[in-house]
S.K.: 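My questions will all concern the structure given below.
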Amino acid sequence: MEAPKAKKIEKTLETHGDKRIDNYFWLNERENPEVIQYLEEENAYADFVMKDTEQLQEELFEEMKARYKKDDESLPYFFNGYWYIVRYEEGKEYPIFCRKHQSLDSEEEIILDVNTLAEGESYFEVGSVAVSPNNELASFSSDNVSRRIYSINFKDLKTGEVLPDKIENTTGKAVWANDNEHVFYIRKDESLRAFQVFRHRLGTNTSEDVLIFHEKDDTFDVNVFKTKSLEYIFIASSSTISDEHRFIPSDNVFAEWTIIQPRIDDLEYSVEHYEDEFYIITNADDAFNFKIVKTKINNCGMENWVDVIPHRPEVLLEGFEIFKNYLVLEEREEGLLQIKIIDEKTQESHYLPFSDPTYTAYIGVNLEFDTEVLRYGYTSLTQPSSTYEYNMREKTTVLLKQQEVLGGKFFAENYISERIWADSRDGEAKVPISLVYHKDTIKSTDTPLLLYGYGSYGHTVDASFSNVRLSILDRGFIYAIAHIRGGEYLGREWYEDGKMLFKKNTFFDFIDAAKYLIQQNYTSSKHLYAMGGSAGGLLVGAVMNYEPSLFNGIVAQVPFVDVVTTMLDETIPLTTGEYDEWGNPNDEEYYHYMKEYSPYDNVEAKEYPNVLITTGLHDSQVQYWEPAKWTAKLRELKTDNNILVFKTDMSAGHGGASGRFESLKEDALEYAFLLKLENKNE
């Protein structure tokens with residue numbers, strides 16, 4: 001079977017006097033039958049190329065699935081008189097939301113059975129479930145297209161009846177006022193930006209809903225939330241580099257909204273409430289790694305902010321949790337997360353002890369104020385996700401729940417994790433790399449290694465456990481994460497040095513990490529693979545252009561690869577809000593810089609590695625046509641005989657298939673692709 005060839009329709013795109021010829025621009029016509037036909041031809045070709053792995057894919061899928069507990073349930077948490085649990089039943093793909101009154105021995109009430117709602121749908125996802133303060137009503141949101149556009153419905157928990165109120169085109173979030181009859185929700189504009197906050201009164205037509213806040217700056221989007229104390233409702237308006245928060249008391253929906261601090265460029269802050277004060281985490285006063293301040297509720301502008309936890313240049317402050325007698329900090333130092341407990345009465349402090357060389361720790365769900373017990377999570381490359389309860393006064397720890405790995409084949413002691421540091425080419429930094437492998441895997445030039453990266457938006461890919469990953473570790477692969485610039489692994493400056501006009505550092509760090517792994521004899525180019533999704537797909541796409549012979553194979557998941565064209569199109573979801581991340585190409589300097597690294601614009605007639613590209617037709621974050629165009633251009637220009645397969649999920653979006661196990665088929669395909677390439681090496 002021959003590979004599909006997309007037809008060429010020349011389109012000239014001119015910006016700043018610079019002309020780009022885009023022969024595959026027409027693939028953005030979602031309703032064009034020829035576009036759908038091309039995607040289906042690519043799917044058929046992918047199936048043909050991967051046909052010899054069908055049995056392997058099934059084997060991988062079944063072993064991945066077998067590691068999960070089929071009737072699993074979440075750790076119960078207590079809130080407002082009820083224990084809340086999310087559970088799964090064997091043979092069903094979707095969660096069941098439940099609660100029990102006062103005691104875990106009480107009779108179970110089912111709030112929402114998503115399996116029932118999802119019947120007959122090819123895709124279904126619940127965005128959020130929220131119970132009213134009087135415990136009698138629940139809001140729930142759902143998306144059956146995978147565009148991250150949710151409808152909000154309401155249910156009477158006493159009768160089980162779904163109420164006639166239905167709110168369309170929302171972010172999926174609903175926040176209850178304390179009167180049990182009003183909710184606040186967010187609408188999206190045509191570009192899917194969250195831009196308006198409305199108030200809805202149950203029992204009224206949505207046409208009567210009141211517009212509370214309209215964010216007119218298209219580089220900002222909005223969020224709405226209630227404080228942990230339940231006393232205030234907040235609207236947060238945020239861009240990449242600026243925030244503005246306004247609030248009302250939760251028990252007075254008609255109150256005037258008070259702004260804490262009007263937006264200022266480069267001023268970021270977020271807010272929590274305690275007694276008569278707001279606690280604020282912020283980068284004010286050049287606190288680039290953030291600090292915590294507090295201020296009186298009735299006088300809350302930044303001129304009144306008083307430092308509680310001062311800025312420390314070597315420590316990134318990522319979050320905090322307030323209790324009646326304790327303040328708990330989530331800090332990152334030299335890449336590793338730490339949890340610090342401060343006794344507010346004595347001002348004594350201590351850290352929770354963690355021992356793995358690379359790991360993830362985080363503050364969990366802590367809804368109670370007046371308690372000395374902290375719930376926190378921990379995981380590493382060798383340790384399954386665990387939730388602990390820590391008594392902050394007695395300094396004792398209890399394991400509440402650990403992710404079960406079924407099948408009897410997993411033993412943590414059979415796996416080794418480590419963290420190493422690669423020199424960057426600019427001499428400005430050392431790039432941390434987290435690794436995990438089976439203890440029987442010997443590091444050598446013949447050892448297959450999968451290097452994962454992301455490196456954008458300040459998002460840090462921490463070292464965490466993966467049930468799925470065991471399938472390649474047990475087959476002799478080393479798995480590595482390159483903590484490259486563009487994330488915040490080494491603090492805020494690590495992010496700043498990998499965005500805008502420093503974006504190329506992200507790609508070069510990944511390349512330097514890969515070369516260091518080869519130099520240190522972990523693997524060789526013949527056995528080295530790269531994987532990244534979304535902005536990580538941009539990463540591997542750019543790396544593939546810069547160093548096409550460095551990797552034997554590339555897996556690009558929902559990749560953002562047509563950077564210049566997308567960032568010039570303000571109608572595409574999320575574009576304008578991304579200017580502070582990538583730059584605005586309407587500015588000539590940013591245009592030319594982006595064009596230098598944009599994967600699609602830099603495809604050339606040369607040899608490329610083996611490539612697997614995936615997308616979803618309904619993707620709202622990275623439109624399907626970016627990977628489609630990239631695939632078509634690679635097919636046209638590449639001079640090698642290596643594999644190039646492009647797979648479109650015709651019913652899914654950015655997050656892939658819905659359902660608990662359905663997405664494992666995508667993992668199985670990716671791993672089968674890597675194993676197929678390894679088998680060719682032998």
S.K.: Nearest 0.5 Å, please: how far is CD1 in Ile363 from CG in Leu337?
M.R.: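 Reported value, rounded in 0.5 Å steps: 10.0 Å.
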S.K.: For Glu581, which residues count as a salt bridge (charged side-chain N to carboxylate O under 4.0 Å, His left out) partner, sequence neighbours excluded?
M.R.: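 Scan of Glu581 (salt bridge (charged side-chain N to carboxylate O under 4.0 Å, His left out), adjacent residues dropped) gives none.
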S.K.: Looking at Tyr624, is Arg30 sitting on its ring face, NZ or CZ under 6.0 Å from the six-membered ring centre and within 45 degrees of the normal?
M.R.: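 No, a cation-pi geometry is absent between Arg30 and Tyr624.
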S.K.: May I ask you to say whether Glu626 pairs ionically with Lys629, meaning some side-chain N is under 4.0 Å from a carboxylate O?
M.R.: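 Answer for the salt bridge query: no.
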S.K.: Under the 6.0 Å and 45° cation-pi test, does Lys228 pair with Phe323?
M.R.: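 The answer is yes, since Lys228 meets both limits relative to Phe323.
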S.K.: When you look at CZ of Arg201, are more than 12 heavy atoms from neighbouring residues, nucleotides or ligands closer to it than 6.0 Å?
M.R.: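 No, because the 6.0 Å sphere around CZ of Arg201 holds 12 heavy atoms or fewer from other groups.
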S.K.: Which atom names give the shortest non-hydrogen contact between Ser128 and Ala174, and what distance separates them?
M.R.: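 Result for this residue pair: OG-N, 4.3 Å.
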S.K.: For the atom pair CG (Leu112) and CD1 (Ile96), what is the distance rounded to the nearest 0.5 Å?
M.R.: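 One finds 10.0 Å between CG of Leu112 and CD1 of Ile96.
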S.K.: Identify the two heavy atoms, one from Asn180 and one from Leu137, that lie closest to each other, and give their separation to 0.1 Å.
M.R.: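 Looking at all heavy atoms of both residues, the closest pair is O-CD1, 3.6 Å.
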S.K.: Please indicate whether Glu90 has more than 12 foreign heavy atoms, meaning atoms of other residues, nucleotides or ligands, lying under 6.0 Å from its CD.
M.R.: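 No.
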S.K.: Just to verify, what does Asp276 make a salt bridge (charged side-chain N to carboxylate O under 4.0 Å, His left out) with, not counting sequence neighbours?
M.R.: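 Residues passing salt bridge (charged side-chain N to carboxylate O under 4.0 Å, His left out) with Asp276: Lys296.
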S.K.: Applying side-chain hydrogen bond (donor to acceptor under 3.5 Å, both in side chains), run through Glu389 and Tyr376 and close with a yes or a no.
M.R.: CA-CA 6 Å; Glu389 235 172 38; Tyr376 73 92; over 6 Å; no
S.K.: Among Arg187, Arg193, Arg246, Arg263, exactly one meets salt bridge (Lys or Arg N to Asp or Glu O under 4.0 Å) together with Glu215. Which residue is that?
M.R.: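 Passing option: Arg263.
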S.K.: How long is the span from the CG atom in Asp156 to the CG atom in Leu202, to the nearest 0.5 Å?
M.R.: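 So the gap between those two atoms works out to 10.0 Å.
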S.K.: Mind telling me whether Phe198 and Tyr185 have parallel, tilted or perpendicular rings, with 30° and 60° as the class edges?
M.R.: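 Tyr185 and Phe198: parallel rings.
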S.K.: When you compare the side chain of Phe184 with that of Ile248, does any pair of heavy atoms fall below 4.5 Å?
M.R.: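 With C-beta onward as the side chain, the pair touches.
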S.K.: Does Glu40 have any salt bridge (charged side-chain N to carboxylate O under 4.0 Å, His left out) partners at least two apart in sequence or in another chain, and if so, which?
M.R.: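 Expected list: none.
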S.K.: Using the ring of Phe369 (Phe, Tyr or Trp, six-membered ring only), decide whether Lys324 places NZ or CZ under 6.0 Å from its centre and within 45 degrees of its axis.
M.R.: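 Verdict for Phe369: no cation-pi partner in Lys324.
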